Amino acid sequence: MQIEHLTLFIRIAVTHNISMAGNELGLSPAVASAHINKLESALGVRLIHRTTRKVSLTEEGKAFLPHAEDVIASVEAARASVGAGSFSPRGTLRVAAPASFGRMHLVPIMADFLTQYPDLKVDLKLSDTIVDLVEGGFDIAIRNSELKDSTLIARKLAPDHRILCASPAYITQNGQPSSPQDLKNHKCISLIGLENWGFHTDEGQTLIKTTGNFRTDNGEAIRDACINGLGITINSKWSVYKHLKSGNLVQVLPDYPLVSDTAIWALYPSSRLLAPKVRAFIDYLAQHFVNASQWED
């Protein structure tokens, strides 16, 4: 199995045309076709369906494609490590991220990122469920929880400062709590399963079991419910900073910080050779979130 054959196969998957893909790599149609035949023979499976007008990937071809891309990315990383070849990232970058953070802070920057790296494609999975990077085939995961898997590398991207919020209308109707204990007399909106809120007080840490008539499993839904006056909730500054500035939300109990040690992290499998597509995305995010201090203003 040769690198040139894998590179050709990847380009065929993009162009759906053997001649066009071969031409991009300086190969005649006959030579390109011969390379694919050799690759299929080496694997013992048919990778593409051939017609007179175009080609398409077989099920085996679709399954093989991400592995071929990973091999090429590793080869490029190896060459780049010694200053050889092109460092231009290419292939498909698979990213997993929390739903709310991804929609608010990753999707808006994709146009600029992909303009800088036109040979890249991004598959973005948005879910609040923790995914297994290796099992799920992801290159990078964005998380706001601590790293528990020692086989992963973590790079801090931005702070994740969490505060209590309420709408002005809710405060007008129900009053302003003056201590964490007062929350027992308020409607509290919580993430399902996270009804116990911890606070730093002069007497040490205090844990409050909150109650309310609305819970959800989505951070944006909690924020929006809070804006609509359903109660008091915990939210990340990166989620509510614009609403605090506009006055749609106000901070509650600012003198009692929450017990929280969170940040936004980029996690990726440990490897001596980091694929160019992974390095490019991590460096881009790190540069972009340098200005994350705007969340704290």
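Computed from heavy atoms alone, side chains included, the values below leave out hydrogens, waters and symmetry copies. Keep in mind the model is a prediction, meaning the values are calculated, not measured.
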ask   = Is the shortest heavy-atom distance from the side chain of K187 to the side chain of N213 under 4.5 Å?
value = yes
request  = Applying salt bridge (Lys or Arg N to Asp or Glu O under 4.0 Å), run through R162 and D160 and close with a yes or a no.
outcome  = CA-CA 6 Å; R162 298 179 183 184; D160 183 19; 3.0 Å; yes
query = Where do A97 and L124 come nearest, in terms of heavy atoms and distance?
reply = CB-CD1, 4.3 Å
message = Assigning hydrophobic clusters by single linkage (Ile, Leu, Val, Met, Phe, Trp, Tyr; side-chain heavy-atom cutoff under 4.5 Å), is I36 placed with L27?
response = yes
ask   = Going by side-chain heavy atoms closer than 4.5 Å, which hydrophobic residues are tied to W197, directly or by a chain of links?
value = L164, Y170, I171, L183, F199, I208, I232, I234, V250, V252, L253, Y256, L258
key: K242: side-chain contact (heavy atoms from CB on, under 4.5 Å) partners, not counting sequence neighbours   = none
message = Using a 3.5 Å distance criterion without hydrogens, assess whether the side chain of S190 forms a donor-acceptor pair with backbone atoms of I192.
response = no
message = For the OG atom of S56 and the CG atom of L47, what is their distance to the nearest 0.5 Å?
response = 11.5 Å
message = Please say yes or no: joined through hydrophobic side-chain contacts below 4.5 Å, possibly via intermediate residues, are V95 and L114 part of one cluster?
response = yes
task = Supply the atom-to-atom distance S239 OG to M104 CE, rounded to the nearest 0.5 angstrom.
result = 4.5 Å
inquiry  = Using side chain to side chain contact (heavy atoms under 4.5 Å, CB included), reason through I142 and L157 one step at a time and then give a plain yes or no.
reply    = CA-CA 9 Å; I142 307 302; L157 297 176; 4.1 Å; yes
message = Rounded to the nearest 0.5 Å, what separates atom CZ in R46 from atom CG in L57?
response = 13.0 Å
remark   = Closest heavy-atom pair, L244 versus C165, reported as atoms and distance to 0.1 Å, is CD2-SG, 4.4 Å
key: Closest approach of G102 to L126 (non-hydrogen atoms, all atoms of both residues)   = CA-CD2, 3.6 Å
query = Are the aromatic ring centres of F9 and F64 under 6.0 angstrom apart?
reply = yes
inquiry  = For residues V240 and L106: do they belong to one hydrophobic cluster (side chain heavy atoms under 4.5 Å, members Ile, Leu, Val, Met, Phe, Trp, Tyr)?
reply    = no
message = Using the salt bridge (charged side-chain N to carboxylate O under 4.0 Å, His left out) criterion, which residues pair with E195? Sequence neighbours excluded.
response = R215
inquiry  = Considering only residues two or more places apart or on different chains, which pairs with a residue in residues 246-255 satisfy side-chain hydrogen bond (donor to acceptor under 3.5 Å, both in side chains)?
reply    = S246-N248
message = Which residues pass the salt bridge (charged side-chain N to carboxylate O under 4.0 Å, His left out) test with E59, not counting sequence neighbours?
response = K62
Flag side-chain contact, heavy atom, 4.5 Å: H49 against V55 = no
message = Any non-hydrogen side-chain atom of L120 less than 4.5 Å from a side-chain atom of T92?
response = no
query = Does the side chain of H35 come within less than 4.5 Å of L39's, by heavy atoms?
reply = no
message = Regarding K277 and D70, does a basic nitrogen lie under 4.0 Å from an acidic carboxylate oxygen?
response = yes
query = Checking E40 side chain against I48 main chain: does a donor-acceptor pair fall under 3.5 Å?
reply = yes
query = CE of M20 to CG of L25: how many Å apart, nearest 0.5 Å?
reply = 12.5 Å
key: Side chain to side chain, I227 and L249, heavy atoms closer than 4.5 Å   = yes
query = For D119, what residues pass the salt bridge (charged side-chain N to carboxylate O under 4.0 Å, His left out) criterion, not counting sequence neighbours?
reply = R90
message = The criterion is salt bridge (charged side-chain N to carboxylate O under 4.0 Å, His left out); which residues satisfy it with K184, sequence neighbours excluded?
response = none
Over 12 foreign heavy atoms within 6.0 Å of CG, D202 = no
key: Criterion side chain to side chain contact (heavy atoms under 4.5 Å, CB included) on Q181 and T206, from CA distance to verdict   = CA-CA 9 Å; Q181 295 294 335; T206 297; 3.7 Å; yes
inquiry  = Which heavy atom of G22 sits nearest to which heavy atom of A32, and what is that distance?
reply    = CA-CB, 4.0 Å
ask   = Judged by atom type as modelled, is there a donor-acceptor pair below 3.5 Å linking the side chain of N37 to the main-chain atoms of S33?
value = yes
query = Which value, rounded to the nearest 0.5 Å, describes the distance between S167 atom OG and D224 atom CG?
reply = 12.0 Å
ask   = Does a side-chain N-to-carboxylate-O contact under 4.0 Å join E69 and R94?
value = yes
inquiry  = Do I153 and L267 have side chains that approach each other closer than 4.5 Å (heavy atoms only, starting at C-beta)?
reply    = no
key: Gap separating the CD1 atom of I163 from the OG atom of S236, nearest 0.5 angstrom   = 9.0 Å
key: Within one Ile-Leu-Val-Met-Phe-Trp-Tyr cluster: L43 and I3, side-chain cutoff 4.5 Å   = yes
inquiry  = Through direct or indirect side-chain contacts below 4.5 angstrom among Ile, Leu, Val, Met, Phe, Trp and Tyr, which residues connect to I189?
reply    = L191, L194, F214, I222, L230
task = Indicate yes or no: at least one non-hydrogen side-chain atom of I140 is less than 4.5 angstrom from one of V278.
result = yes
ask   = Sequence neighbours excluded, which residues qualify as side-chain contact (heavy atoms from CB on, under 4.5 Å) partners of R155?
value = I282, D283, A286
ask   = Any side-chain heavy atom of H200 sitting closer than 4.5 Å to one from Q205?
value = yes
Residue list, side-chain contact (heavy atoms from CB on, under 4.5 Å) with A34, at least two apart or on another chain = none
request  = For residues G175 and H186, report the shortest heavy-atom separation together with the two atoms involved.
outcome  = O-CE1, 3.2 Å
key: Pairing residues for S127 by the side-chain contact (heavy atoms from CB on, under 4.5 Å) criterion, not counting sequence neighbours   = K125, T129
Nearest atoms (heavy-atom pairs only) where N218 meets A99 = ND2-CB, 4.2 Å
Contact list for residues 99-130, test ring pair (Phe, Tyr, Trp, His ring centres under 6.0 Å), sequence neighbours left out = F101-H105, F101-W238, F101-F289, H105-W238, H105-W295, F113-Y117, F113-F281, F113-Y284
message = With a 3.5 Å distance limit and no angle check, can you tell me whether S19 reaches the backbone of P29 through a side-chain donor-acceptor pair?
response = no
